[in-house]
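What follows is a set of notes on a single structure, which appears directly below.
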Amino acid sequence: MARVCVIGAGYVGLVTGAGLAELGHTVVLLETNASRLEALRLHQLPIHEPGLDELVERYAVRGRLTFSGSYSETIPEAEFIFIAVNTPTGPDGEANTTYVSAAVASVMKYARPKQVLVTKSTVPVGTGDLLSVVVSDAGFHDIEVVSNPEFLREGTAVQDFLTPDRIVVGAGSRAAAARVARLYSSLNAPVVVCSRRSAELAKYAANALLATRISFMNEMSAICEAVDADIEQVASVVGFDRRIGAGYLSAGLGWGGSCFPKDLRALSVTAKQHGIEPAMLDATVAVNARQRDRVYRRLCEAVGPVNGTAPTVAVLGLAFKPNTDDVRESPAIDIVRRLVESGIRVRAHDPVATGNARAILPDIDYCAEPYEAVANTDGIFLATEWDEYRQLDWPRIRELMRGRVIVDSRNALDGPRLEKLGFRYLSVGRRSHAAEQRDLMLHLESVPAGGL
Ligand code: NAD
Ligand code: UGA
(Lines give C-alpha, C1' and ligand atoms only; values in the text may rest on other atoms or scores of the structure.)
(Ligands and ions follow the chains in the order given, each with its own letter.)
Protein backbone atom coordinates (compact mmCIF):
# COMPACT_ATOMS: atom_id res chain seq x y z
CA MET A 1 0.00 0.00 0.00
CA ALA A 2 1.29 3.44 -0.91
CA ARG A 3 1.68 6.81 0.79
CA VAL A 4 -0.12 9.40 -1.32
CA CYS A 5 -0.43 13.17 -1.11
CA VAL A 6 -3.38 14.70 -2.97
CA ILE A 7 -3.04 18.45 -3.54
CA GLY A 8 -6.36 20.34 -3.64
CA ALA A 9 -9.35 19.28 -1.56
CA GLY A 10 -12.12 20.21 -4.00
CA TYR A 11 -14.63 17.96 -5.75
CA VAL A 12 -11.94 15.84 -7.39
CA GLY A 13 -9.23 15.98 -4.71
CA LEU A 14 -11.57 14.99 -1.89
CA VAL A 15 -13.05 12.08 -3.82
CA THR A 16 -9.61 10.97 -5.04
CA GLY A 17 -8.17 11.19 -1.52
CA ALA A 18 -11.02 9.34 0.15
CA GLY A 19 -11.24 6.88 -2.76
CA LEU A 20 -7.52 6.02 -2.58
CA ALA A 21 -7.89 5.53 1.19
CA GLU A 22 -10.75 3.11 0.43
CA LEU A 23 -8.35 1.26 -1.89
CA GLY A 24 -6.01 0.78 1.05
CA HIS A 25 -3.55 3.64 0.66
CA THR A 26 -2.54 6.18 3.26
CA VAL A 27 -3.51 9.63 2.05
CA VAL A 28 -2.80 13.21 3.06
CA LEU A 29 -5.01 15.87 1.50
CA LEU A 30 -3.03 19.08 1.11
CA GLU A 31 -5.22 22.17 0.93
CA THR A 32 -4.12 25.81 1.12
CA ASN A 33 -7.56 27.38 1.60
CA ALA A 34 -7.57 27.95 5.38
CA SER A 35 -11.33 27.73 5.94
CA ARG A 36 -11.61 24.56 3.83
CA LEU A 37 -8.77 23.01 5.76
CA GLU A 38 -10.25 23.95 9.11
CA ALA A 39 -13.61 22.42 8.16
CA LEU A 40 -11.95 19.23 6.92
CA ARG A 41 -9.99 18.84 10.12
CA LEU A 42 -13.36 18.80 11.89
CA HIS A 43 -14.43 16.17 9.31
CA GLN A 44 -16.89 18.66 7.80
CA LEU A 45 -17.04 18.63 4.02
CA PRO A 46 -16.86 21.95 2.17
CA ILE A 47 -18.92 20.46 -0.68
CA HIS A 48 -22.09 18.44 -1.10
CA GLU A 49 -21.33 15.06 -2.67
CA PRO A 50 -23.52 12.05 -1.84
CA GLY A 51 -21.66 9.30 0.06
CA LEU A 52 -18.46 11.29 0.44
CA ASP A 53 -18.96 12.34 4.06
CA GLU A 54 -19.23 8.68 5.20
CA LEU A 55 -16.09 7.75 3.26
CA VAL A 56 -14.09 10.71 4.58
CA GLU A 57 -15.27 10.09 8.14
CA ARG A 58 -14.43 6.36 7.95
CA TYR A 59 -10.81 6.88 6.88
CA ALA A 60 -10.21 10.09 8.81
CA VAL A 61 -11.16 8.30 12.03
CA ARG A 62 -8.82 5.42 11.18
CA GLY A 63 -6.03 7.91 10.46
CA ARG A 64 -5.66 6.72 6.86
CA LEU A 65 -6.91 10.06 5.55
CA THR A 66 -5.42 13.21 7.07
CA PHE A 67 -5.51 16.88 6.16
CA SER A 68 -2.67 19.34 5.99
CA GLY A 69 -1.86 22.84 4.82
CA SER A 70 1.89 22.27 4.86
CA TYR A 71 3.99 21.26 1.85
CA SER A 72 7.09 20.85 3.98
CA GLU A 73 5.40 18.32 6.26
CA THR A 74 3.58 16.28 3.63
CA ILE A 75 5.62 16.17 0.42
CA PRO A 76 8.80 14.46 1.73
CA GLU A 77 6.73 11.56 3.09
CA ALA A 78 4.76 10.83 -0.10
CA GLU A 79 5.55 8.24 -2.77
CA PHE A 80 2.88 9.65 -5.11
CA ILE A 81 1.86 13.30 -5.36
CA PHE A 82 -1.49 13.88 -7.07
CA ILE A 83 -2.27 17.35 -8.41
CA ALA A 84 -6.04 17.93 -8.16
CA VAL A 85 -6.19 21.73 -8.10
CA ASN A 86 -8.56 23.82 -10.21
CA THR A 87 -7.81 24.73 -13.85
CA PRO A 88 -10.41 27.42 -14.60
CA THR A 89 -10.88 29.31 -17.83
CA GLY A 90 -8.24 31.95 -18.54
CA PRO A 91 -8.86 35.34 -20.17
CA ASP A 92 -8.79 33.98 -23.74
CA GLY A 93 -10.66 30.76 -23.13
CA GLU A 94 -7.53 28.73 -22.45
CA ALA A 95 -7.14 26.56 -19.34
CA ASN A 96 -5.50 28.57 -16.60
CA THR A 97 -2.79 26.27 -15.29
CA THR A 98 -1.27 28.71 -12.81
CA TYR A 99 -2.67 26.77 -9.83
CA VAL A 100 -1.05 23.61 -11.19
CA SER A 101 2.28 25.40 -11.73
CA ALA A 102 2.15 26.96 -8.26
CA ALA A 103 1.42 23.61 -6.64
CA VAL A 104 4.27 21.92 -8.54
CA ALA A 105 6.67 24.75 -7.66
CA SER A 106 5.82 24.22 -3.98
CA VAL A 107 6.23 20.45 -4.35
CA MET A 108 9.69 20.88 -5.85
CA LYS A 109 10.95 22.63 -2.70
CA TYR A 110 10.43 19.45 -0.68
CA ALA A 111 10.50 16.68 -3.29
CA ARG A 112 12.49 13.47 -2.85
CA PRO A 113 14.02 11.19 -5.49
CA LYS A 114 11.82 8.55 -7.15
CA GLN A 115 8.53 10.17 -6.25
CA VAL A 116 5.82 10.16 -8.96
CA LEU A 117 3.98 13.36 -9.81
CA VAL A 118 0.48 12.56 -11.06
CA THR A 119 -1.79 15.10 -12.77
CA LYS A 120 -5.48 14.48 -11.94
CA SER A 121 -6.47 18.01 -12.86
CA THR A 122 -7.67 18.45 -16.43
CA VAL A 123 -4.73 20.11 -18.16
CA PRO A 124 -4.00 21.07 -21.78
CA VAL A 125 -1.96 18.75 -23.94
CA GLY A 126 1.70 19.27 -23.29
CA THR A 127 1.31 20.32 -19.64
CA GLY A 128 2.93 17.07 -18.49
CA ASP A 129 5.91 17.79 -20.75
CA LEU A 130 6.26 21.30 -19.30
CA LEU A 131 6.05 19.94 -15.75
CA SER A 132 8.74 17.37 -16.58
CA VAL A 133 11.05 20.23 -17.49
CA VAL A 134 10.26 21.98 -14.19
CA VAL A 135 11.00 18.75 -12.34
CA SER A 136 14.32 18.11 -14.07
CA ASP A 137 15.31 21.79 -13.76
CA ALA A 138 14.85 21.32 -10.00
CA GLY A 139 17.44 18.56 -10.21
CA PHE A 140 15.09 15.55 -10.02
CA HIS A 141 15.83 13.35 -13.02
CA ASP A 142 14.10 10.31 -11.54
CA ILE A 143 10.75 11.94 -10.72
CA GLU A 144 8.29 11.07 -13.48
CA VAL A 145 5.21 13.07 -14.39
CA VAL A 146 2.20 10.85 -15.14
CA SER A 147 -1.18 11.91 -16.47
CA ASN A 148 -4.09 10.14 -14.76
CA PRO A 149 -7.20 12.10 -15.80
CA GLU A 150 -10.38 11.81 -13.80
CA PHE A 151 -13.79 11.06 -15.32
CA LEU A 152 -16.04 11.26 -12.25
CA ARG A 153 -19.30 13.21 -12.36
CA GLU A 154 -20.45 15.41 -9.52
CA GLY A 155 -23.42 13.90 -7.72
CA THR A 156 -22.18 10.35 -8.36
CA ALA A 157 -18.49 11.02 -7.81
CA VAL A 158 -17.76 8.37 -5.18
CA GLN A 159 -19.39 5.61 -7.18
CA ASP A 160 -17.72 6.83 -10.38
CA PHE A 161 -14.30 6.82 -8.73
CA LEU A 162 -14.71 3.35 -7.26
CA THR A 163 -16.32 1.77 -10.35
CA PRO A 164 -14.69 3.58 -13.26
CA ASP A 165 -15.29 2.65 -16.89
CA ARG A 166 -11.53 2.83 -17.37
CA ILE A 167 -8.37 4.03 -15.70
CA VAL A 168 -6.12 6.09 -17.95
CA VAL A 169 -2.41 6.27 -17.31
CA GLY A 170 -0.38 8.48 -19.63
CA ALA A 171 3.31 8.06 -18.95
CA GLY A 172 6.74 8.36 -20.50
CA SER A 173 7.92 5.03 -19.17
CA ARG A 174 6.37 1.62 -18.59
CA ALA A 175 7.77 1.59 -15.04
CA ALA A 176 6.05 4.84 -14.05
CA ALA A 177 2.81 3.72 -15.71
CA ALA A 178 2.94 0.44 -13.81
CA ARG A 179 3.49 2.18 -10.47
CA VAL A 180 0.44 4.44 -10.97
CA ALA A 181 -1.73 1.63 -12.38
CA ARG A 182 -0.89 -0.53 -9.36
CA LEU A 183 -2.51 2.04 -7.06
CA TYR A 184 -5.84 0.98 -8.58
CA SER A 185 -5.16 -2.76 -8.72
CA SER A 186 -8.04 -3.61 -6.38
CA LEU A 187 -10.51 -2.05 -8.81
CA ASN A 188 -12.04 -4.21 -11.48
CA ALA A 189 -11.56 -1.76 -14.36
CA PRO A 190 -9.73 -1.74 -17.68
CA VAL A 191 -6.49 0.21 -17.64
CA VAL A 192 -5.46 2.15 -20.72
CA VAL A 193 -1.75 2.93 -20.73
CA CYS A 194 -0.88 5.52 -23.34
CA SER A 195 1.33 8.51 -24.02
CA ARG A 196 0.97 11.44 -21.65
CA ARG A 197 -0.25 13.66 -24.47
CA SER A 198 -2.91 11.15 -25.52
CA ALA A 199 -4.14 10.88 -21.93
CA GLU A 200 -4.34 14.66 -21.60
CA LEU A 201 -6.23 15.00 -24.89
CA ALA A 202 -8.52 12.00 -24.23
CA LYS A 203 -9.89 13.74 -21.14
CA TYR A 204 -10.93 16.76 -23.21
CA ALA A 205 -12.20 14.55 -26.04
CA ALA A 206 -14.48 12.62 -23.67
CA ASN A 207 -16.05 15.77 -22.23
CA ALA A 208 -16.41 17.34 -25.66
CA LEU A 209 -18.07 14.25 -27.11
CA LEU A 210 -20.54 14.03 -24.23
CA ALA A 211 -21.41 17.72 -24.63
CA THR A 212 -21.78 17.18 -28.38
CA ARG A 213 -24.31 14.39 -27.86
CA ILE A 214 -26.37 16.67 -25.63
CA SER A 215 -26.22 19.54 -28.13
CA PHE A 216 -27.17 17.17 -30.92
CA MET A 217 -30.24 16.05 -28.99
CA ASN A 218 -31.10 19.65 -28.19
CA GLU A 219 -31.02 20.44 -31.90
CA MET A 220 -33.24 17.38 -32.45
CA SER A 221 -35.61 18.75 -29.80
CA ALA A 222 -36.13 21.90 -31.87
CA ILE A 223 -36.80 19.74 -34.93
CA CYS A 224 -39.25 17.64 -32.88
CA GLU A 225 -41.20 20.77 -31.97
CA ALA A 226 -41.32 21.82 -35.62
CA VAL A 227 -42.48 18.45 -36.99
CA ASP A 228 -44.73 17.36 -34.11
CA ALA A 229 -42.52 14.55 -32.81
CA ASP A 230 -41.45 13.82 -29.23
CA ILE A 231 -37.77 14.08 -28.23
CA GLU A 232 -38.18 11.59 -25.36
CA GLN A 233 -39.43 8.97 -27.80
CA VAL A 234 -36.73 9.80 -30.34
CA ALA A 235 -34.04 9.54 -27.63
CA SER A 236 -35.40 6.21 -26.48
CA VAL A 237 -35.33 4.76 -29.99
CA VAL A 238 -31.86 6.11 -30.73
CA GLY A 239 -30.50 5.00 -27.36
CA PHE A 240 -31.51 1.37 -27.90
CA ASP A 241 -28.88 1.17 -30.62
CA ARG A 242 -25.90 -0.44 -28.89
CA ARG A 243 -23.53 1.51 -31.12
CA ILE A 244 -25.00 4.72 -29.72
CA GLY A 245 -26.02 3.89 -26.14
CA ALA A 246 -28.68 5.54 -24.00
CA GLY A 247 -26.60 8.00 -21.93
CA TYR A 248 -26.32 11.74 -22.47
CA LEU A 249 -29.29 11.99 -24.80
CA SER A 250 -31.49 14.13 -22.55
CA ALA A 251 -32.60 17.33 -24.23
CA GLY A 252 -33.47 20.28 -22.02
CA LEU A 253 -31.80 23.45 -20.87
CA GLY A 254 -28.40 22.37 -22.16
CA TRP A 255 -25.14 21.59 -20.45
CA GLY A 256 -23.27 23.67 -17.90
CA GLY A 257 -21.14 23.06 -14.83
CA SER A 258 -17.55 23.43 -13.81
CA CYS A 259 -16.14 21.30 -16.62
CA PHE A 260 -17.97 21.01 -19.94
CA PRO A 261 -17.99 24.77 -20.66
CA LYS A 262 -14.39 25.40 -19.59
CA ASP A 263 -13.04 22.23 -21.19
CA LEU A 264 -14.70 22.90 -24.54
CA ARG A 265 -13.30 26.43 -24.53
CA ALA A 266 -9.82 25.15 -23.65
CA LEU A 267 -9.90 22.43 -26.32
CA SER A 268 -11.02 24.97 -28.86
CA VAL A 269 -8.03 27.17 -27.97
CA THR A 270 -5.69 24.18 -28.30
CA ALA A 271 -7.10 23.43 -31.76
CA LYS A 272 -6.72 27.03 -32.90
CA GLN A 273 -3.19 27.23 -31.52
CA HIS A 274 -2.39 24.43 -33.94
CA GLY A 275 -4.17 25.99 -36.90
CA ILE A 276 -7.22 23.74 -36.70
CA GLU A 277 -10.70 25.29 -36.98
CA PRO A 278 -12.75 23.41 -34.33
CA ALA A 279 -16.00 23.34 -36.30
CA MET A 280 -17.62 20.58 -34.23
CA LEU A 281 -16.74 22.23 -30.92
CA ASP A 282 -18.00 25.60 -32.13
CA ALA A 283 -21.30 24.05 -33.21
CA THR A 284 -21.67 22.20 -29.90
CA VAL A 285 -21.20 25.44 -27.98
CA ALA A 286 -23.47 27.46 -30.32
CA VAL A 287 -26.32 24.95 -30.14
CA ASN A 288 -26.04 24.90 -26.34
CA ALA A 289 -26.39 28.69 -26.21
CA ARG A 290 -29.26 28.66 -28.69
CA GLN A 291 -31.13 26.03 -26.69
CA ARG A 292 -30.86 28.09 -23.52
CA ASP A 293 -32.19 31.13 -25.41
CA ARG A 294 -35.07 29.09 -26.82
CA VAL A 295 -36.14 27.82 -23.40
CA TYR A 296 -35.73 31.25 -21.82
CA ARG A 297 -37.93 32.83 -24.51
CA ARG A 298 -40.53 30.12 -23.93
CA LEU A 299 -40.70 31.08 -20.28
CA CYS A 300 -40.95 34.82 -20.97
CA GLU A 301 -43.68 34.33 -23.58
CA ALA A 302 -45.64 32.02 -21.28
CA VAL A 303 -45.61 34.22 -18.19
CA GLY A 304 -45.71 37.52 -20.13
CA PRO A 305 -46.41 40.76 -18.30
CA VAL A 306 -49.29 40.26 -15.81
CA ASN A 307 -51.82 43.14 -15.92
CA GLY A 308 -49.12 45.30 -17.43
CA THR A 309 -46.65 44.59 -14.63
CA ALA A 310 -43.63 42.31 -14.52
CA PRO A 311 -44.44 38.75 -13.44
CA THR A 312 -42.95 36.78 -10.57
CA VAL A 313 -41.32 33.44 -11.37
CA ALA A 314 -40.34 30.60 -9.05
CA VAL A 315 -37.10 28.96 -10.16
CA LEU A 316 -36.75 25.41 -8.89
CA GLY A 317 -33.14 24.22 -8.88
CA LEU A 318 -29.99 26.34 -8.99
CA ALA A 319 -27.20 23.75 -9.12
CA PHE A 320 -25.92 22.89 -12.62
CA LYS A 321 -27.33 19.38 -12.18
CA PRO A 322 -29.06 17.44 -9.38
CA ASN A 323 -27.25 16.02 -6.32
CA THR A 324 -24.58 18.71 -6.17
CA ASP A 325 -24.23 22.15 -4.62
CA ASP A 326 -22.00 23.29 -7.51
CA VAL A 327 -23.36 26.35 -9.32
CA ARG A 328 -20.32 27.06 -11.50
CA GLU A 329 -21.64 27.95 -15.00
CA SER A 330 -25.03 26.61 -13.97
CA PRO A 331 -27.68 27.12 -16.68
CA ALA A 332 -30.15 27.82 -13.85
CA ILE A 333 -28.08 30.72 -12.56
CA ASP A 334 -27.85 32.15 -16.08
CA ILE A 335 -31.64 32.00 -16.44
CA VAL A 336 -32.15 33.70 -13.06
CA ARG A 337 -29.72 36.43 -14.05
CA ARG A 338 -31.58 37.05 -17.32
CA LEU A 339 -34.94 37.14 -15.55
CA VAL A 340 -33.68 39.65 -13.01
CA GLU A 341 -32.13 41.80 -15.76
CA SER A 342 -35.46 41.94 -17.57
CA GLY A 343 -37.24 43.09 -14.42
CA ILE A 344 -38.89 39.78 -13.54
CA ARG A 345 -39.00 39.01 -9.84
CA VAL A 346 -37.47 35.65 -8.92
CA ARG A 347 -38.12 33.41 -5.94
CA ALA A 348 -35.64 30.54 -5.98
CA HIS A 349 -35.24 27.20 -4.30
CA ASP A 350 -32.56 24.53 -4.37
CA PRO A 351 -32.16 21.68 -1.87
CA VAL A 352 -28.44 22.37 -1.28
CA ALA A 353 -27.08 25.05 -3.63
CA THR A 354 -28.63 28.28 -2.33
CA GLY A 355 -25.53 29.17 -0.30
CA ASN A 356 -23.31 29.03 -3.37
CA ALA A 357 -25.96 30.76 -5.52
CA ARG A 358 -26.29 33.61 -3.02
CA ALA A 359 -22.58 34.33 -3.37
CA ILE A 360 -23.16 35.00 -7.10
CA LEU A 361 -26.67 36.49 -7.02
CA PRO A 362 -27.24 38.07 -3.62
CA ASP A 363 -30.38 40.04 -4.47
CA ILE A 364 -33.08 37.50 -5.23
CA ASP A 365 -35.51 35.83 -2.83
CA TYR A 366 -34.16 32.47 -1.70
CA CYS A 367 -36.71 30.15 -0.15
CA ALA A 368 -36.11 27.26 2.22
CA GLU A 369 -39.02 25.25 0.79
CA PRO A 370 -40.29 24.84 -2.78
CA TYR A 371 -43.84 25.60 -1.53
CA GLU A 372 -42.60 28.92 -0.18
CA ALA A 373 -40.90 29.66 -3.53
CA VAL A 374 -44.03 29.08 -5.63
CA ALA A 375 -46.39 31.11 -3.43
CA ASN A 376 -48.11 33.91 -5.41
CA THR A 377 -45.95 33.39 -8.48
CA ASP A 378 -47.15 33.59 -12.06
CA GLY A 379 -45.05 30.72 -13.28
CA ILE A 380 -42.61 28.00 -12.28
CA PHE A 381 -39.36 27.37 -14.10
CA LEU A 382 -37.91 23.96 -13.29
CA ALA A 383 -34.21 24.41 -14.02
CA THR A 384 -32.59 21.43 -12.27
CA GLU A 385 -34.28 18.04 -12.12
CA TRP A 386 -33.86 17.26 -8.41
CA ASP A 387 -35.84 14.14 -7.54
CA GLU A 388 -37.72 15.96 -4.80
CA TYR A 389 -39.40 18.18 -7.41
CA ARG A 390 -40.96 15.10 -8.99
CA GLN A 391 -42.56 14.27 -5.63
CA LEU A 392 -44.11 17.70 -4.99
CA ASP A 393 -47.74 18.08 -3.98
CA TRP A 394 -48.92 19.72 -7.22
CA PRO A 395 -52.57 20.28 -6.20
CA ARG A 396 -51.22 22.22 -3.21
CA ILE A 397 -48.92 24.18 -5.50
CA ARG A 398 -51.84 25.07 -7.78
CA GLU A 399 -53.58 26.61 -4.77
CA LEU A 400 -50.45 28.50 -3.70
CA MET A 401 -49.67 29.98 -7.14
CA ARG A 402 -51.23 33.02 -8.73
CA GLY A 403 -50.67 31.82 -12.30
CA ARG A 404 -50.76 28.38 -13.94
CA VAL A 405 -47.56 28.21 -16.04
CA ILE A 406 -44.95 25.50 -15.53
CA VAL A 407 -41.91 25.48 -17.80
CA ASP A 408 -40.15 22.17 -17.25
CA SER A 409 -36.77 22.78 -18.89
CA ARG A 410 -35.55 19.27 -18.03
CA ASN A 411 -38.58 17.22 -19.13
CA ALA A 412 -38.66 15.87 -15.59
CA LEU A 413 -42.27 16.23 -14.53
CA ASP A 414 -45.43 14.32 -15.37
CA GLY A 415 -46.84 16.72 -17.97
CA PRO A 416 -50.16 14.95 -18.64
CA ARG A 417 -50.95 14.87 -14.93
CA LEU A 418 -50.07 18.54 -14.52
CA GLU A 419 -52.24 19.43 -17.49
CA LYS A 420 -55.12 17.51 -15.93
CA LEU A 421 -54.61 19.52 -12.74
CA GLY A 422 -55.14 22.68 -14.78
CA PHE A 423 -51.56 23.82 -15.25
CA ARG A 424 -50.26 25.15 -18.55
CA TYR A 425 -47.34 22.74 -18.88
CA LEU A 426 -44.50 23.51 -21.30
CA SER A 427 -41.47 21.31 -21.79
CA VAL A 428 -38.72 20.82 -24.37
CA GLY A 429 -39.08 18.96 -27.65
CA ARG A 430 -42.59 17.78 -26.86
CA ARG A 431 -45.87 19.10 -28.25
CA SER A 432 -48.71 19.77 -25.85
CA HIS A 433 -50.51 16.65 -27.03
CA ALA A 434 -47.41 14.61 -26.18
CA ALA A 435 -49.52 12.98 -23.48
CA GLU A 436 -51.44 11.02 -26.09
CA GLN A 437 -48.27 10.18 -27.93
CA ARG A 438 -46.55 8.93 -24.81
CA ASP A 439 -49.48 6.63 -24.09
CA LEU A 440 -48.56 4.87 -27.32
CA MET A 441 -44.99 4.33 -26.24
CA LEU A 442 -44.37 0.69 -25.35
CA HIS A 443 -41.11 -1.00 -24.43
CA LEU A 444 -41.50 -4.73 -24.92
CA GLU A 445 -38.81 -7.38 -24.63
CA SER A 446 -40.06 -8.89 -27.88
CA VAL A 447 -43.12 -8.74 -30.10
CA PRO A 448 -45.89 -10.62 -28.28
CA ALA A 449 -47.37 -13.54 -30.26
CA GLY A 450 -50.90 -12.29 -29.59
CA GLY A 451 -50.18 -8.83 -31.03
CA LEU A 452 -50.02 -5.52 -29.17
P1 NAD B 1 -12.21 22.75 -7.00
O2 NAD B 1 -12.17 24.18 -7.29
O3 NAD B 1 -13.45 22.16 -6.39
O4 NAD B 1 -11.02 22.35 -6.02
C5 NAD B 1 -9.70 22.76 -6.19
C6 NAD B 1 -9.07 22.87 -4.81
O7 NAD B 1 -7.67 23.07 -4.96
C8 NAD B 1 -9.58 24.05 -3.98
O9 NAD B 1 -10.00 23.60 -2.71
C10 NAD B 1 -8.37 25.00 -3.88
O11 NAD B 1 -8.34 25.73 -2.68
C12 NAD B 1 -7.23 23.99 -3.95
N13 NAD B 1 -5.94 24.56 -4.35
C14 NAD B 1 -5.68 25.43 -5.36
N15 NAD B 1 -4.37 25.69 -5.44
C16 NAD B 1 -3.77 24.96 -4.47
C17 NAD B 1 -2.42 24.77 -4.07
N18 NAD B 1 -1.40 25.38 -4.70
N19 NAD B 1 -2.17 23.94 -3.03
C20 NAD B 1 -3.17 23.30 -2.39
N21 NAD B 1 -4.46 23.42 -2.72
C22 NAD B 1 -4.76 24.24 -3.76
O23 NAD B 1 -11.88 22.01 -8.36
P24 NAD B 1 -12.43 20.59 -8.87
O25 NAD B 1 -13.82 20.76 -9.37
O26 NAD B 1 -12.13 19.56 -7.85
O27 NAD B 1 -11.51 20.36 -10.15
C28 NAD B 1 -10.15 20.10 -10.01
C29 NAD B 1 -9.59 19.64 -11.35
O30 NAD B 1 -10.20 18.39 -11.70
C31 NAD B 1 -9.90 20.58 -12.52
O32 NAD B 1 -8.82 20.55 -13.41
C33 NAD B 1 -11.12 19.95 -13.17
O34 NAD B 1 -11.23 20.27 -14.54
C35 NAD B 1 -10.85 18.48 -12.98
N36 NAD B 1 -12.04 17.64 -12.94
C37 NAD B 1 -13.13 18.04 -12.23
C38 NAD B 1 -14.24 17.21 -12.13
C39 NAD B 1 -15.47 17.64 -11.37
O40 NAD B 1 -16.49 16.95 -11.47
N41 NAD B 1 -15.44 18.73 -10.61
C42 NAD B 1 -14.21 15.95 -12.74
C43 NAD B 1 -13.07 15.56 -13.44
C44 NAD B 1 -11.98 16.41 -13.53
C1 UGA C 1 -18.79 15.80 -16.56
C2 UGA C 1 -18.46 14.43 -17.16
O3 UGA C 1 -19.65 13.65 -17.28
C4 UGA C 1 -17.44 13.69 -16.31
O5 UGA C 1 -17.09 12.46 -16.94
C6 UGA C 1 -16.20 14.56 -16.16
O7 UGA C 1 -15.26 13.93 -15.31
C8 UGA C 1 -16.60 15.90 -15.56
O9 UGA C 1 -17.59 16.55 -16.41
C10 UGA C 1 -15.44 16.84 -15.49
O11 UGA C 1 -14.53 16.74 -16.27
O12 UGA C 1 -15.54 17.66 -14.61
P13 UGA C 1 -20.30 16.69 -14.57
O14 UGA C 1 -20.00 18.03 -15.16
O15 UGA C 1 -20.11 16.48 -13.12
O16 UGA C 1 -19.40 15.57 -15.31
O17 UGA C 1 -21.82 16.35 -14.88
P18 UGA C 1 -22.64 15.64 -16.04
O19 UGA C 1 -23.57 14.69 -15.42
O20 UGA C 1 -21.79 15.13 -17.14
O21 UGA C 1 -23.52 16.86 -16.59
C22 UGA C 1 -22.94 17.97 -17.25
C23 UGA C 1 -24.04 18.88 -17.78
O24 UGA C 1 -24.74 18.26 -18.86
C25 UGA C 1 -25.11 19.23 -16.75
O26 UGA C 1 -25.46 20.59 -16.88
C27 UGA C 1 -26.28 18.34 -17.11
O28 UGA C 1 -27.53 18.89 -16.75
C29 UGA C 1 -26.14 18.29 -18.63
N30 UGA C 1 -26.73 17.08 -19.25
C31 UGA C 1 -26.24 15.85 -18.99
C32 UGA C 1 -27.77 17.24 -20.17
O33 UGA C 1 -28.24 18.35 -20.45
N34 UGA C 1 -28.28 16.10 -20.79
C35 UGA C 1 -27.79 14.85 -20.54
O36 UGA C 1 -28.29 13.88 -21.15
C37 UGA C 1 -26.75 14.72 -19.61
Side-chain angles (χ1 to χ4, degrees), residues 5-17 29-37 39-40 46-47 49 68-71 74-75 81-89 95-107 119-124 127 148-157 160-161 164-165 203-204 206-211 213-218 221 235 239 246-264 266 288 291-292 317 319-332 334 383-385 409-412 428:
C5 174
V6 177
I7 303 180
Y11 290 86
V12 166
L14 273 168
V15 175
T16 302
L29 267 164
L30 175 46
E31 171 61 58
T32 45
N33 178 312
S35 60
R36 279 205 160 189
L37 182 61
L40 286 168
I47 58 166
E49 184 57 49
S68 174
S70 161
Y71 277 80
T74 51
I75 298 302
I81 299 151
F82 277 69
I83 307 289
V85 301
N86 37 331
T87 50
T89 296
N96 172 356
T97 53
T98 53
Y99 298 96
V100 174
S101 313
V104 172
S106 303
V107 168
T119 48
K120 259 283 168 218
S121 297
T122 303
V123 291
T127 302
N148 175 218
E150 181 51 58
F151 298 93
L152 62 78
R153 291 160 297 173
E154 292 179 19
T156 52
D160 289 347
F161 185 89
D165 289 343
K203 170 62 199 174
Y204 282 100
N207 274 359
L209 187 52
L210 291 167
R213 278 171 76 100
I214 300 166
S215 283
F216 180 86
M217 291 311 283
N218 281 332
S221 77
Y248 285 75
L249 296 179
S250 296
L253 188 54
W255 43 268
S258 66
C259 288
F260 281 2
K262 84 166 170 66
D263 290 350
L264 267 81
N288 197 47
Q291 183 78 351
R292 209 178 284 179
F320 81 95
K321 61 181 279 192
N323 303 316
T324 181
D325 59 347
D326 198 344
V327 297
R328 289 179 283 182
E329 301 212 35
S330 168
D334 183 34
T384 313
E385 68 278 30
S409 77
R410 296 292 181 180
N411 290 351
V428 179

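Note that ligands are numbered from 1 as they come in the structure, with each ligand's atoms numbered from 1 the same way. Computed from a prediction, not measured in an experiment: that's the story for all the values here.
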Going by heavy atoms, is Arg153 under 4.0 Å from ligand 1?
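It does not, in that no heavy atom of Arg153 comes within the 4.0 Å cut-off of ligand 1.
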Compute the minimum heavy-atom distance from Tyr71 to ligand 1 and say whether it is under 4.0 Å.
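Distance cut 4.0 Å: Tyr71 passes for ligand 1.
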If the plane angle is over 60° it's perpendicular, under 30° parallel, otherwise tilted; pick one for Tyr248 and Phe260.
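Tilted: the ring planes of Tyr248 and Phe260 meet at 30° to 60°.
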For Asp263, enumerate each residue passing the salt bridge (charged side-chain N to carboxylate O under 4.0 Å, His left out) test, keeping only those at least two apart in sequence or located in another chain.
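In terms of salt bridge (charged side-chain N to carboxylate O under 4.0 Å, His left out), with neighbours along the sequence ignored, Asp263 is linked to no residue.
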Give the residue and atom name of whichever protein heavy atom lies nearest to [atom], and the separation in Å to one decimal.
| atom | result |
| --- | --- |
| atom 10 (C) of ligand 1 | Glu31 OE2, 3.4 Å |
| atom 12 (O) of ligand 2 | Cys259 SG, 2.3 Å |
| atom 20 (O) of ligand 2 | Tyr248 OH, 2.7 Å |
| atom 36 (O) of ligand 2 | Ser250 N, 2.9 Å |
| atom 30 (N) of ligand 2 | Ile214 CD1, 3.4 Å |
| atom 28 (C) of ligand 1 | Val85 O, 3.4 Å |
| atom 24 (O) of ligand 2 | Trp255 CB, 3.3 Å |

If you measure every N/O of [X] against every N/O of ligand 2, is any gap under 3.5 Å?
| X | answer |
| --- | --- |
| Glu154 | yes |
| Thr122 | no |
| Phe320 | yes |

Hey, is Ser258 touching ligand 1 through its side chain, its backbone, both or neither, going by heavy atoms under 4.0 Å?
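Just the side chain.
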Side chain, backbone, both or neither: which part of Glu49 comes within less than 4.0 Å of ligand 1 when only heavy atoms are counted?
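Contact part for Glu49 vs ligand 1: neither.
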Would you say ligand 1 has an N or O under 3.5 Å from any N or O of [X]?
| X | answer |
| --- | --- |
| Lys120 | no |
| Val12 | yes |
| Arg36 | yes |

Proximal candidate to atom 31 (C) of ligand 1 [heavy atom criterion; set Asn207, Thr87, Val6]
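Going through Asn207, Thr87, Val6 one by one, Thr87 has the nearest heavy atom to atom 31 (C) of ligand 1.
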Minimum distance, heavy atoms only, to atom 42 (C) of ligand 1: which one of Asp326, Asp263, Thr97, Leu152 is it?
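Considering heavy atoms of Asp326, Asp263, Thr97, Leu152, the nearest to atom 42 (C) of ligand 1 sits in Leu152.
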By number and element, which atoms of ligand 1 are closer than 4.0 Å to a non-hydrogen atom of Leu30?
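Near Leu30, the atoms of ligand 1 are 20 (C), 21 (N).
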Using a 4.0 Å heavy-atom cut-off, say whether Arg213 meets ligand 2 through its side chain, its backbone, both or neither.
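Neither; nothing of Arg213 gets under 4.0 Å from ligand 2.
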Output the list of atoms in ligand 2 that are nearer than 4.0 Å to some heavy atom of Arg410, sorted by atom number.
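In order of number, 28 (O), 33 (O).
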